[in-house]
Number of protein chains: 2
Amino acid sequence: MKPTKDHLVEAAAELLWERGYAATSPAMIQKRSRAGQGSMYHHFSGKADLAATAIRHSAGQLRRATETALGGGTTALERLGAFLDMERTPLAGCRVGRLVQDPDVTADDQLRAPIAEFFTWLHQRIADVLVQGVRAGELRADTDAAAMASLVVAAVEGGYVLARAEQDETAFRRATEAAKSVLAGIEV
Amino acid sequence: MKPTKDHLVEAAAELLWERGYAATSPAMIQKRSRAGQGSMYHHFSGKADLAATAIRHSAGQLRRATETALGGGTTALERLGAFLDMERTPLAGCRVGRLVQDPDVTADDQLRAPIAEFFTWLHQRIADVLVQGVRAGELRADTDAAAMASLVVAAVEGGYVLARAEQDETAFRRATEAAKSVLAGIEV
DNA sequence: GTCTATAGAGTGATAGAC
DNA sequence: GTCTATCACTCTATAGAC
């Protein structure tokens, strides 16, 4: 049996993913986690504190899943393909990326820092794989790793936006498939 | 002197851009537009009605600006470059794309439809420019216009997400510059 | 560690005067 | 067409009993 604190964090993470920060109330989190008001304010100083913990929780989950995808395969292209093909739910949006639109999140360093860290890490990690691919002679020597890494991450995050706008997963897949084609084009 | 109704729509559009739908209250819109509660409920049936009008207003503005960018230039590459280099405020996010994360927006067809229409139009319009480029012999004949259009739009929308996450415009520019490089790579 | 009661502010909307 | 008053409800948080 998990501690109430964990239930609160998981319920908060789910609701932040679904509704964002401003539109998620402590009462909703309590209801979903079956925790009372007293429990929540015992474990956390308030909404922002619980949300900060939930964001770090979500970012950590996504980072570990990403690391697994990028850590498999033998070639750089296989690893990046695995990242682009990670199991995702495009219509739900990105559990981390979706939070950056919320002005209450970007205004609070406690909430924004773990998100910024995640994307800085992700960009660097993908650029690293590209550099390794160049060194291994798999990718063209004139590959701009930083630029290509930006495009790959933007394809995923932008793909989420398009999928939600059209309410169609296909829009997400088109963007990630296009990114894969472009990557295939820099193969030696 | 503009009618109060227009002030309400413009204030609502600004606030939707800054805060999203759920986190924007009628009171905020009234305050910014200097319109009273009575005025708002005289011109609109409620928050959703005003927001729907404001979303159509923003989508129309962005569509016209995009049409101008895509309509200039002589080659397909110049037009797409102009689109990627349109005057934007990356840290503010996309006035249309940012709304799709809001579950209250995606749940209400009145609110989601103009957003979906905008992105469907944008994707088609960019794919058209690519097809024209192929026909004119400027771009490679094996260009997948639909895939490339998805990547271009995703680069912009994803670029916004990255810029807001890192609170740095550079993240946006890296994504759009990368998209331009990829486009340059399909030139004949 | 969890409960209920309560607080002051804000929510979205309606009523009726002017 | 705009104003103020009011409504029932929800928001985030605190207090104090158990």
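Residue numbering restarts at 1 for every chain, and letters A, B, ... go by the order of the sequence lines.
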A.B. asks: May I ask you to list the residues sharing a hydrophobic cluster with L91(A), side-chain cutoff 4.5 Å, ordered by chain and number?
C.D. replies: none

A.B. asks: In whole Å, I'd like the distance from the CD1 atom of I29(B) to the C1' atom of dT11(C).
C.D. replies: 12 Å

A.B. asks: dC3(D) C1' sits how many Å from R34(B) CZ, rounded?
C.D. replies: 18 Å

A.B. asks: Let me have the donor-acceptor pairs involving side chains of residues 69-77 of chain A, under 3.5 Å, with sequence neighbours excluded, atom names and distances please.
C.D. replies:
| unit_1 | atom_1 | unit_2 | atom_2 | d |
| --- | --- | --- | --- | --- |
| T74(A) | OG1 | E78(A) | OE1 | 3.1 |
| T75(A) | OG1 | E78(A) | N | 3.1 |

A.B. asks: Please test S33(B) against E10(B) for side chain to side chain donor-acceptor pair (under 3.5 Å), starting from the C-alpha separation and ending with a verdict.
C.D. replies: CA-CA 8 Å; S33(B) 63; E10(B) 275 159 31; over 6 Å; no

A.B. asks: Rounded to the nearest Å, what distance is computed from the CG atom of residue L15(B) to the P atom of nucleotide dG12(C)?
C.D. replies: 12 Å

A.B. asks: Can you build the contact string for nucleotides 13-18 of chain D? Use B for base contact, S for sugar-phosphate-only contact, and - for no protein heavy atom under 4.0 Å.
C.D. replies: BB----

A.B. asks: What residues in residues 100-107 of chain B put a non-hydrogen atom under 4.0 Å from any atom of DNA chain C?
C.D. replies: none

A.B. asks: Does the ring of F118(B) carry R64(B) above it, NZ/CZ under 6.0 angstrom from centre and within 45° of its axis?
C.D. replies: no

A.B. asks: Only counting residues at least two apart or in another chain, list the ones meeting side chain to side chain donor-acceptor pair (under 3.5 Å) with D128(A).
C.D. replies: Q124(A)

A.B. asks: Does dC3(D) have its OP1 or OP2 closer than 4.0 Å to a side-chain nitrogen or oxygen of S39(B)?
C.D. replies: yes

A.B. asks: Can you pull out the residues from residues 16-25 of chain B that lie within a 4.0 Å heavy-atom distance of DNA chain C?
C.D. replies: T24(B), S25(B)

A.B. asks: Using whole Å, report how far NZ of K5(A) lies from P of dT2(C).
C.D. replies: 11 Å

A.B. asks: Checking E117(A) now: which residues fulfil side chain to side chain contact (heavy atoms under 4.5 Å, CB included) with it, not counting sequence neighbours?
C.D. replies: A113(A)

A.B. asks: Who are the side chain to side chain donor-acceptor pair (under 3.5 Å) partners of Q167(A), not counting sequence neighbours?
C.D. replies: none

A.B. asks: Hey, what else clusters with L8(B) if you join Ile, Leu, Val, Met, Phe, Trp, Tyr whenever side-chain heavy atoms sit under 4.5 Å?
C.D. replies: V9(B), L15(B), M28(B), I29(B), M40(B), Y41(B), F44(B), L50(B)

A.B. asks: Go through the structure and list residues passing side chain to side chain contact (heavy atoms under 4.5 Å, CB included) with S39(A), not counting sequence neighbours.
C.D. replies: T4(A), A35(A)

A.B. asks: Starting from W17(A), walk the hydrophobic network (Ile, Leu, Val, Met, Phe, Trp, Tyr; side-chain heavy atoms closer than 4.5 Å) and list everyone else you reach, by chain and number.
C.D. replies: none

A.B. asks: In whole angstroms, how far is the C1' atom of dG1(C) from the CG atom of L8(A)?
C.D. replies: 12 Å

A.B. asks: How many Å lie between CE on M28(B) and C1' on dG12(C), as a whole number?
C.D. replies: 12 Å

A.B. asks: Please state whether the phosphate of dT2(D), meaning OP1 or OP2, lies under 4.0 angstrom from any side-chain nitrogen or oxygen of T4(B).
C.D. replies: yes

A.B. asks: How many Å lie between CZ on F44(A) and P on dT12(D), as a whole number?
C.D. replies: 16 Å

A.B. asks: Please report the distance, rounded to the nearest Å, between NE2 in H42(A) and C1' in dC3(C).
C.D. replies: 13 Å

A.B. asks: By side chain to side chain donor-acceptor pair (under 3.5 Å), which residues pair with D109(A), not counting sequence neighbours?
C.D. replies: R112(A)

A.B. asks: Distance check: side-chain N/O of H43(A) vs OP1/OP2 of dT2(C), anything under 4.0 Å?
C.D. replies: yes

